[in-house]
Amino acid sequence: MLDEEYEDITYFKENGFFEKECTKCGNIFWTRDEKRETCGDAPCDIYTFIGKPIFSKPMNLAEMREYFLNFFEERGHTRIDRYPVVARWRDDIYLTIASIADFQPFVTSGLVPPPANPLTISQPCIRLNDLDSVGRTGRHLTTFEMMAHHVFNSKDKEIYWKDKTIALCDELLTSLGADITEVTYIKSPWAGGGNAGASVEVMVGGLELATLVFMNLKESKTGTIDVKGKMYERMDSYIVDTGYGLERFVWASQGTPTIYDAVFPTIVQELTNLAGIDHELNNPEYAKIFASNAQFAGVMDVSGNANLLELRRQVADSIGMDVDELNRIMDPMEKIFAIADHTRCLTFMLGDGIIPSNVKSGYLARLVLRRTIRMLADLGVNVPLSEIVALHIDNMPEYPEFEDTFKVTEEILALEEEKYRQTIERGRKIIQKAAVRYQEKGESLPLEELMEIYDSHGIPPEVSKEAAKEVGVTVEFPDNFYSLVADMHSEAGDKDESITGFKYMDKIERLPLTKRFYYDEPERMEFEAVVLDTFEDFVVLDNTYFYPEGGGQEADNGMLMAGTFVYDVIDVQMYNGVVIHKLNITDKELLINRGDMIIGQVDKKRRMAHSRHHTATHIVNDAARKVLGNHIWQAGAQKTENRARLDISHYKHITQDEINEIEMIANKMVMENKKVHFESLDRTEAEQKYGFGLYQGGIPPGKTLRIVKVGSDIEACGGTHCLSTGVVGPIKILKTERIQDGVERLEYAAGEAAIAAVQEMEGLLRDSSEILSIQPEILPPTVERFFDEWKELQKENEKLKEELAGARTIKMLQNAEKIGEFSLVVNVTKGDGIDSLRMAAIEILKDENAVAVLLSETDGVKAVAAVGKNAVTKGLKAGDLVKMMSQAVGGGGGGKPDLAMGGGPDASGIEKAKAEAVAKIKETLSS
RNA sequence: GGGCUGGUAGAUCAGCGGAAGAUCGCUACCUUGGCAUGGUAGAGGCCUCGGGUUCAAUUCCCGAUCAGUCCA
């Protein structure tokens, strides 16, 4: 256990604390109050600060943030700028969920030095885990700022550790005017993300204001420290990871009934005005409701309707109010609080460049956005989201960057609102149709149907219920609807793919890192090397000029020559810094051995094509940003010999005009023949200098980054490049494609590949116009004319066939054999298709006494039977006739009693078919 | 990255193996002093594309593509 990690904390002993065990939950805590028995956390203690602020001076967000950062600056910490809320430097999380996330994984692992040490920061974070609770509890937020001071200690240098951290916390709280005897520190061992350590929660007045984590353990199979079933060992580096909740500090300083009233009072005010609700916090009776609600909600789980109902009941009891009356007051206010919170969340998300989408972080943005729209609709408030977001931006002048991006934000919000409106409209129709269908069967809309509609069409059950009600169908759904949907998904998919590592991984680990020279001498293609090892058709060399696949760029090909033996290199990969060359072995076995001297030859043409496409990708990215806006972000890229493609985040389709513009700008950059710059920089330094735009192409591992500058595009990139843009040659954008909502793919070719692509397209034009014997320039109008004419002819053809059928029918009816009052038409032709037979049959059917058997020998045999209304009443069925005939020609058929068609491949049976049908007809009709 | 749903007339959709439909919109005419409206007639479909199964595919199967949606 982690208990021993607390033993070296001397601060409590030296400062008159008492170590106690909470009489309610049993947790260990420290306090200066000898008489205290409970730990201070929910549910053991309830809020005492509402109406009675913890701190001496009420502060807003900006004031509190500044106070905190200044406090730690004065105590030797360096203030650093916030990181984006979208964690672009991480590939394991989408959103920044804590201040320490800024420094994971490379700073915390000790690989890369921190931007400053010790440092202080106020990091905006987004957590969507408790979405349901936001607005209800009075304290939950999706977006909050984690104020923090961090220390990165190493075994060589310790700045400070546990005692000083707790002392600073005590000092901060005291300086803000908190009653220090009310503060409790709860022992709360922490583990997460492969690390663990001692941690204390800082509680005042029933509110958790901060958590102080002392991260000094890492997960390890051979570790000896057991934390929650996993084994850990000590790290060389040990880190102070604190988290002070800015919003909670503000709340504690004001003692308002809810955190929302403290954090964004103007937004809440504005929303209540729009909704026509009075939110009169000056009225003590009214304020008491929310205070009581916050207290009860502080000690229970409020997700789900059942829990909410229980909360309402408790609150109503405590203040002596009717539950319905309470609900009437609380429900709209909870929505307003949630809207205020969600729109702030969107302000950060969109302001930091998230594009709403149906995948990844974009989906999270859309989720929040749609929840907000729904709640606004519930309140009957009809204002664009962008107006509320604009209020937040005005309210947070500390974030001027959001004003710069507001135009894009506004457009995105408008598009998303329209999109959701359409989705709901579409969904409502589907619901109503289904509801009516089930109602006709005397059933109610089943749950499965409701779930499917949510899953496939995004219509939440609340909306379904509402829509069904409009057509007079009542729909019920259980409280745990969303978890049922989640269960359905977990049943569906559970296949985890096996990780395909390299087969000889263990052998590679013993080899030295391959010296790679393709950066130092990018133009050299021939080299000598010593073979370090071989496995099957894989060869490892001491050095190489071959580029291994990576960064979306395919591997180099070429040859390895050892004496008189020559092998083609068909693939090159790198594992943990060791480059593996895969050879194409035509003989039985590889005739290269360990220790051999070989000559390597890189396929220059292929390498050049890759380099052109890689540099072109940076150029196109830059051009796209110039044309489409600064929000565009690379979501993936691939470079091959003939093509390259770049996926960029963008909230609407790229138009042809925009493509043309991007293409033009890209080619101008080529023509300017700018030098491509390379720079090797320390990771943190690079991030500080160039921002996270560096990680367009993903997050390369390691301490130092290779920075590639092409024009105004600056990226961390490990690929091979042209040394100047002119070498790239022409860039031709070939097509765009939407691979996901919010992600557009550009496909293009550069250099020789571009010429080839253009020539190929030209060929298509030439070939097409040659077929029509026209000039390519008039291809579009000509094709249009041809298509129109073709449609006309098609129609005319049909009309003529009908007329012909009519004419033939008259003749056939004249020649018909009489069986009583019935006339029997039998006709065998060649070359008539099933359609013309059927048309003739339809004509014949106008005579209610007619019976027809029409056969045609074409592509086998086609047969149609028509039985007039009066003959049908005699029990003659066209379907039966066709079945008989079709069997005779080895096929099948069917249809309705009056008209049926069929056929078969065997033409020799045609006479037999006819005879059988005629016999059957005569038999039936004459009886 | 995975799952689900859908592409049929200008729009919204029905049909789901054997004659391509409805409603709105459009055009013309009739009704009216004019308009709202009502009536009559008509135009408008490579049933998304490419394979397969079948005597026969808008319909079933596979693939592509476009769109929607849920989840990691």
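As a basis for the values below, the full set of heavy atoms in this structure was taken, side chains included, without hydrogen atoms, waters or symmetry mates. Here is the naming used below: chain letters follow the sequence lines, and residue numbers restart at 1 for every chain.
If you check B:G3, B:A19, B:C46 against the side chain of A:Lys896, the one that comes closest is B:A19. Of the listed nucleotides (B:A67, B:C70, B:C55), B:A67 has the atom at the smallest distance from the side chain of A:His653. When the nucleotides B:U5, B:C70, B:A20 are ranked by their closest atom to the side chain of A:Arg838, B:A20 comes out on top. Comparing B:G44, B:A72, B:C46 by their nearest atom to the side chain of A:Lys795 picks out B:G44. Of the listed nucleotides (B:G68, B:G1, B:C66), B:C66 has the atom at the smallest distance from the side chain of A:Glu737.
Note on ring orientation: taking the six-membered ring where Trp is involved, the planes of A:Phe692 and A:Tyr83 are tilted (angle from 30° to 60°).
Residue contacts shown for A:Gln794 are absent, as no nucleic acid heavy atom lies under 4.0 Å away. Base contact: A:Val359 has a heavy atom under 4.0 Å from a base atom. Among the heavy atoms of the strands lying under 4.0 Å from A:Gly894 is at least one base atom, whether or not backbone atoms are also near. The residue A:Ile834 sits apart from the nucleic acid: no heavy atom pair falls under 4.0 Å. Backbone-only engagement by A:Gly458 is indicated by non-hydrogen atom pairs under 4.0 Å involving sugar-phosphate atoms exclusively. Among the atoms of the strands shown, only primed sugar atoms or phosphate atoms (P, OP1, OP2) are found under 4.0 Å from some heavy atom of A:Lys791. Residue A:Lys883 is out of contact with every strand shown, counting any heavy-atom pair closer than 4.0 Å. Residue contacts shown for A:Ser886 are absent, as no nucleic acid heavy atom lies under 4.0 Å away. At a threshold of 4.0 angstrom between heavy atoms, the contacts of A:Asp859 with the nucleic acid are absent. Residue-level contact check: A:Tyr94 touches the bases, meaning some heavy atom is under 4.0 Å from a base atom.
With C1' as the reference atom, B:U23 and B:U48 are 24 Å apart, rounded to whole Å. A distance of about 32 Å separates the P atoms of B:G10 and B:U31, rounded to the whole Å. Remark: the separation of the P atoms in B:C26 and B:A57 is 38 Å, to the nearest Å. Rounded to whole Å, the C1' atom of B:U59 lies 11 Å from the corresponding atom of B:U8. Between B:A28 and B:A43, the two P atoms lie 15 Å apart (nearest whole Å). When the C1' atom is used for both B:U12 and B:G6, the distance is 14 Å, rounded to whole Å. Across the C1' atoms, B:G17 and B:C61 are found 13 Å apart, a figure rounded to whole Å. For B:U65 and B:C49, the P atoms lie 16 Å apart once the distance is rounded to whole Å.
Residue A:Arg426 has no polar side-chain atom (N or O) positioned under 4.0 Å from OP1 or OP2 of B:U5. The phosphate of B:G68 (OP1 or OP2) has no side-chain N or O of A:Ser456 nearer than 4.0 angstrom.
By the 4.5 Å heavy-atom criterion applied to side chains, A:Leu141 and A:Val134 are not counted as neighbours. Using a 4.5 Å cut-off on side-chain heavy atoms (C-beta onward), A:Leu484 and A:Phe477 make no contact. With contacts defined as side-chain heavy-atom distances shorter than 4.5 Å, the pair A:Leu367/A:Leu131 qualifies.
Each of A:Val861 and A:Asp741 has a nearest nucleotide on RNA chain B; the 5'-most of these lies closest to A:Val861. The residue among A:Gly892 and A:Trp790 whose nearest nucleotide of RNA chain B is located toward the 5' end is A:Trp790.
Residues passing the salt bridge (Lys or Arg N to Asp or Glu O under 4.0 Å) test with A:Lys795, sequence neighbours excluded: A:Glu792.
A salt bridge between A:Glu789 and A:Arg785 is present, with a side-chain N of the basic residue lying under 4.0 Å from a carboxylate O of the acidic one. Between A:Glu462 and A:Lys465, none of the side-chain N atoms (NZ, or NE/NH1/NH2) sits under 4.0 Å from a carboxylate O, so this pair counts as no salt bridge. Ion pairing between a basic and an acidic side chain is recognised when a charged N comes within 4.0 Å of a carboxylate O; A:Arg90 and A:Asp92 show such pairing. A salt bridge links A:Asp741 to A:Arg366: one of the charged nitrogens lies within less than 4.0 Å of a carboxylate oxygen.
Separating the CZ atom of A:Arg738 from the C1' atom of B:A67 is a distance of 7 Å, rounded to the nearest angstrom. Distance A:Leu484 CG to B:C70 P: 17 Å, rounded to the nearest Å. Between A:Leu899 atom CG and B:G18 atom P the separation is 12 Å, expressed in whole Å. The nearest whole Å value for the distance from the CG atom in A:Leu845 to the P atom in B:G18 is 17 Å. The distance between atom CZ of A:Arg437 and atom C1' of B:C16, rounded to the nearest whole Å, is 14 Å. Atom NZ in A:Lys429 sits about 13 Å away from atom P in B:A11, given to the nearest Å. Whole-Å rounding puts the A:Lys419 NZ to B:A67 C1' distance at 10 Å. In this structure, the NZ atom of A:Lys433 is 12 Å from the P atom of B:U12, given to the nearest Å.
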Legend entry - Pairing pattern in dot-bracket form [Watson-Crick, G-U; both distances under 3.5 Å; | = partner strand] for RNA chain B: (((((((..((((....[..)))).(((((.......))))).....(((((..]....)))))))))))).

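Applying the 6.0 Å contact sphere to CD of A:Glu470 captures more than 12 heavy atoms from other residues, nucleotides or ligands.
Interface remark: the A:Asn358 side chain does form a donor-acceptor pair with the B:U69 base, using a distance-only criterion of under 3.5 Å.
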